[in-house]
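Indexing begins at 1, ligand by ligand and atom by atom, following the structure's order. In this text, all values refer to a predicted model and were calculated from it rather than measured experimentally. Values reported hereafter were calculated over all heavy atoms of this structure, with side chains retained and with hydrogens, waters and symmetry mates removed.
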Amino acid sequence: MYHGTDYYHINSLLSEEERLVQDSVRQFVEEQYLPFVAEYHQKSIFPKEMSLKLGAMGLLGVTVPEEYGGPGLSYTVYGLAMQELERGDSGLRSFASVQGSLVMYPIYKYGSEEQKKYWLPLLAKGEKIGCFGLTEADHGSDPGGMLTRAEKTAEGWLLNGSKMWITNGTLADVAVVWAKTEKGIRGFLVEKERKGFEARVIKGKFSLRASDTAELSFQDCLIPHENQLPGAIGLRAPLSCLNEARYGIAWGAMGAAMACYDEALQYAQSRIQFDKPIAAFQITQLKLVEMLTEITKGQLLNYQLGRMKDAGEARFYHVSMAKRNNVHQALQIARSARSILAANGITDEYQVIRHLLNLESVYTYEGTHDIHTLIIGQEITGISAFR
Ligand code: TGC
Ligand code: FAD
């Protein structure tokens, strides 16, 4: 049984409820996900049945209140759950991030009472799946330049355009779509059966293979007026959803790093070269010490960020710092772990190469490393370096 990495006894700072959730998600990943992940990766599929399992465990929309079908737990619990899911695979955490932070959160925060009452309980149980369409082929880091348009007509909103790189895109029953109207950017709920809406899988991925990534297109796609999210006004609305997901990623990245560290340590202790375990060589020890130190620092960042989120004190640039640092460090840790496993580190008999390749996407999505650098830079200097 996997016991986690907790060099600074951070678990002792957690409540009993927080530890319980962490342990149960860890066990779920160990027993119900890890034995099959190599197959999902090889086939490049996200196992749809996971949706109901994650829902039954309360892992979809962790912070959504009980009156809308969520478990109404804290941000720290949410973070711990994401850490444990990503120890399995970034694709598993991505599924839960998108459903909870990018679909349920905007409906909860910006939706009408009818939208909340209909969608949130179904999404929380995993009976319905959602996706979030912000990025376009020509507008990634700069979503404000989006070309997708929504025109208000007597019959409803008419959507035209396309979205690229959309997680859960072909699995989704409903897409949260961001489009420009004559009054600026607005959010819409588009059900999969709407005429003129199509989702196509993006093939040939080397990264996040056990995740559904799609292109969405809208051709004169008519949706009722009541499918608009009434409270979502301007670019700040989708950006506020990203804060939620980026927070989960900061924790998740440490989960992937913990998996790589654990595997590299075990391998180093058992692999013999020159009549010694390779863990006896100083260079291997240096690599392991650096991994453990960065994991511990990342965990401390997450722990304090979680407490700040729970107290309502975390701003978006605080989240950017944890996402930026933790994903960067997780990627370095995965590379270092892969080097310890050497040739064995390139096969799917071990986890490190899968995590390494996944983390290349995690480094890019939800704001690239560079974009988070500039978000923090802008906050501390007061000068925007984006344009
Ligand atoms: P800018 O003028 O700076 O901002 C527009 C308005 O938004 C406000 N704002 C925020 N509000 C809440 N949270 C944030 N993080 C915010 N950042 C900015 C800002 O105050 C302003 O408000 P107002 O009232 O003055 O209008 O906008 P900009 O066009 O200059 O762009 C800023 C920039 C580059 C930081 C932003 O656009 C950005 O973050 N770009 C990165 C795009 C990104 O992260 N895309 C993610 C797509 S979703 C995804 O990747 C899902 S992967 C999921 C998975 O599988 O796990
Ligand atoms: P670009 O914006 O073209 O950036 C290219 C390079 O230029 C990067 O290195 C970037 O850092 C740099 N750059 C750009 N602007 C600046 C600047 N001002 N200053 C300095 N450097 C700059 N999007 C969604 O909406 N929903 C999803 O569910 C979703 N899921 C995804 C899943 C996967 C597997 C992947 C890979 C992406 C996903 N995305 C999703 C899209 C993701 O958010 C974008 O890829 C990301 O925001 C970057 O956009 P881009 O790839 O177009 O890169």
Side-chain angles (χ1 to χ4, degrees), residues 44 46 82 85-86 89-103 105-106 109-110 129-146 148 162-172 175-179 184-185 187 199 201-202 204-216 232-253 256 314-321 323-324 327 357-379 383-387:
S44 194
F46 178 81
M82 296 302 114
L85 290 181
E86 198 151 354
D89 192 88
S90 302
L92 182 60
R93 196 269 309 136
S94 267
F95 180 89
S97 284
V98 169
Q99 181 94 341
S101 293
L102 297 182
V103 180
Y105 178 82
K109 179 102 200 260
Y110 302 116
I129 296 174
C131 69
F132 177 90
L134 179 64
T135 304
E136 299 184 355
D138 294 329
H139 296 279
S141 298
D142 175 24
M146 69 176 67
T148 300
S162 61
K163 298 287 171 181
M164 192 66 179
W165 304 113
I166 307 306
T167 302
N168 299 351
T170 69
L171 294 175
V176 173
V177 179
W178 301 93
I185 291 170
V201 165
I202 297 175
K205 288 182 300 175
F206 281 89
S207 175
L208 273 175
R209 287 180 56 77
S211 174
D212 172 36
T213 317
E215 179 178 6
L216 312 183
I233 311 289
L235 184 58
R236 60 165 42 242
L239 294 180
S240 72
C241 307
L242 301 184
N243 300 334
E244 302 294 296
R246 290 166 176 173
Y247 168 79
I249 290 172
W251 284 85
R315 299 295 315 280
F316 64 80
Y317 36 83
H318 296 126
V319 176
S320 283
M321 183 175 280
K323 193 275 182 183
R324 177 181 183 277
V327 177
L357 294 172
N358 284 342
L359 286 164
E360 291 289 352
S361 284
V362 182
Y363 190 81
T364 287
Y365 69 33
E366 291 282 357
T368 66
H369 185 78
D370 304 331
I371 289 298
H372 288 291
T373 309
L374 299 186
I375 290 173
I376 303 165
Q378 177 176 17
E379 203 279 317
I383 304 165
S384 167
F386 288 111
R387 296 164 199 282

**Message:** Contact between ligand 1 and G140 is defined here as a heavy atom of the residue under 4.0 Å from a ligand atom; is it met?
**Reply:** yes
**Asked** Is the closest N or O pair between T135 and ligand 2 shorter than 3.5 Å?
**Response** yes
**Protein heavy atom at shortest distance from atom 47 (C) of ligand 1** = T135 OG1, 3.6 Å
**Message:** Check for me whether R387 has a heavy atom closer than 4.0 Å to any atom of ligand 1.
**Reply:** yes
**Message:** Please check whether S141 reaches ligand 2 - meaning an N/O of the residue sits under 3.5 Å from an N/O of the ligand, judged on distance alone.
**Reply:** yes
**Message:** Looking only at protein heavy atoms, which one is nearest to atom 29 (C) of ligand 2, and what is the separation?
**Reply:** W165 O, 2.6 Å
**Per-atom contacts, ligand 1 versus V98 - under 4.0 Å to a heavy atom** = 53 (C), 54 (C), 55 (O)
**Prompt:** Would you call G144 a ligand 1 contact, heavy-atom distance under 4.0 Å?
**Reply:** no
**Request:** Answer with yes or no whether L374 contacts ligand 1, where contact means a heavy atom under 4.0 Å from a ligand atom.
**Result:** no
**Message:** Quick check: Y365 and ligand 2, any N/O pair under 3.5 Å apart?
**Reply:** no
**Prompt:** Can a non-hydrogen atom of A245 be found less than 4.0 Å from any atom of ligand 1?
**Reply:** no
**Message:** Is it true that T213 and K205 share a donor-acceptor pair across their side chains at a distance under 3.5 Å?
**Reply:** yes
**Asked** Got a donor-acceptor contact below 3.5 angstrom from the D212 side chain to the T167 backbone?
**Response** no
